[in-house]
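Notes follow once the structure below has been shown.
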Amino acid sequence: MPDAARLVAALSLALIAFIVSGLIMPLMPEGMDFGYFTWVNVGLGVICGWVVMGKRAGRGVTPAINNGVTGVLALLFWGLFVQGAYEMFRQAMRNRFDGPFEALGAIFTIGFDYGLTIMVPSIIWTLLVGGVLAGLATEFAWRQWR
């Protein structure tokens, strides 16, 4: 059921995804083609905000902070998974894998490598502060527009 809390959560995580995508780009190898990287992450932010955070609104301030951090972690997980799957597919089209199971395992390997690349203080702090603010904004929206 659509409500203001789900909308605010979706927009908040979309904004966080947009900001963090801009912070990630300089960390990747030079000359990397990002294509729809930012917009895919923004779409994931909307989905994670709507599904993960929106339905958990209305439980108080401390659960709201936990809700925001949970939403950001879900966004991070799905972002790494989707970007890893895209990179695996790109490599598979160039016949870099011997079989389908090696290709499926590469999704997690590539996602893990991307995760190690983005573990820098600026991104971690942006995700944490953004998650707390998104959780509080979602809680405020739930209380204000029931």
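These numbers come from a predicted model, not from an experiment.
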In a check of side chain to side chain contact (heavy atoms under 4.5 Å, CB included) between Leu11 and each of Val8, Leu13, Leu15, Leu7, which one passes? Leu7
Heavy-atom side-chain proximity of Met25 to Thr38 below 4.5 angstrom: yes
Shortest non-hydrogen contact between Ala57 and Ala5, atoms and distance: CB-CB, 3.8 Å
Do you know which two heavy atoms are closest between Gly111 and Leu80, and how far apart they sit? O-CD2, 3.7 Å
Checking side chain to side chain contact (heavy atoms under 4.5 Å, CB included) for the pair Gln83/Val40: CA distance, chi angles, key distance, verdict? CA-CA 9 Å; Gln83 299 300 336; Val40 168; 3.7 Å; yes
Show me, pair by pair, the donor-acceptor contacts under 3.5 angstrom made by side chains of residues 137-144, not counting sequence neighbours?
| residue | atom | partner | partner atom | Å |
| --- | --- | --- | --- | --- |
| Thr138 | OG1 | Ala134 | O | 2.7 |
| Glu139 | OE1 | Gly58 | N | 2.9 |
| Glu139 | OE2 | Gly60 | N | 3.3 |
| Glu139 | OE2 | Arg143 | NE | 3.2 |
| Glu139 | OE2 | Arg143 | NH2 | 3.2 |

Among the clusters formed by ILVMFWY side chains lying less than 4.5 Å apart, do Val120 and Leu73 turn up in the same one? no
Just so I know, are the side chains of Trp50 and Pro2 near enough to count as touching, which here means a heavy-atom distance under 4.5 Å? yes
Around Phe34, counting heavy atoms of other residues, nucleotides and ligands shown, do more than 12 lie under 6.0 Å from its CZ? yes
Does Tyr86 have more than 12 heavy atoms from other residues, nucleotides or ligands lying within 6.0 Å of its OH? no
Check whether any side-chain heavy atom of Ile24 lies under 4.5 Å from a side-chain heavy atom of Phe37, and answer yes or no. yes
Any donor-acceptor pair under 3.5 Å linking the side chain of Arg56 with the backbone of Asn67? no
Establish whether Leu133 and Val72 are linked, either directly or via other cluster members, by ILVMFWY side-chain heavy-atom contacts under 4.5 Å. no
Rounded to the nearest 0.5 Å, the OG1 atom of Thr109 sits from the CG atom of Leu104 at a distance of 11.0 Å
Can you get from Phe77 to Met119 by hopping between Ile, Leu, Val, Met, Phe, Trp and Tyr side chains that sit under 4.5 Å apart? yes
Shortest non-hydrogen contact from Ala9 toward Gly54: CB-N, 4.0 Å
Could you walk me through whether Phe81 and Ile107 pass side chain to side chain contact (heavy atoms under 4.5 Å, CB included), step by step? CA-CA 7 Å; Phe81 181 79; Ile107 293 174; 3.7 Å; yes
Indicate, with yes or no, if Met28 and Ile110 share a hydrophobic cluster defined by side-chain heavy-atom contacts under 4.5 Å among Ile, Leu, Val, Met, Phe, Trp and Tyr. yes
Output field: ring centroids Tyr36/Trp39 closer than 6.0 Å: no
For Ala106 and Met88 the tightest heavy-atom approach is CB-CG, 4.1 Å
Passing option when Ile123 is tested against Leu128, Ile19, Leu23, Thr117 for side chain to side chain contact (heavy atoms under 4.5 Å, CB included): Leu23
Step by step, would you call Asn41 with Phe18 a side chain to side chain contact (heavy atoms under 4.5 Å, CB included)? CA-CA 7 Å; Asn41 290 338; Phe18 183 79; over 6 Å; no
Is atom CZ of Phe108 surrounded by more than 12 heavy atoms (other residues, nucleotides or ligands) closer than 6.0 Å? no
Could you pull out the closest heavy-atom pair between Ile16 and Gly131, with the gap in Å? CD1-N, 3.9 Å
Is it the case that Gln91 and Glu87 place a side-chain donor and acceptor less than 3.5 Å from each other? yes
Report whether Leu116 and Val20 are members of the same hydrophobic cluster (ILVMFWY, side-chain heavy atoms less than 4.5 Å apart, transitive linking). no
So how far is it from Cys48 SG to Leu76 CG, rounded to the nearest 0.5 Å? 10.0 Å
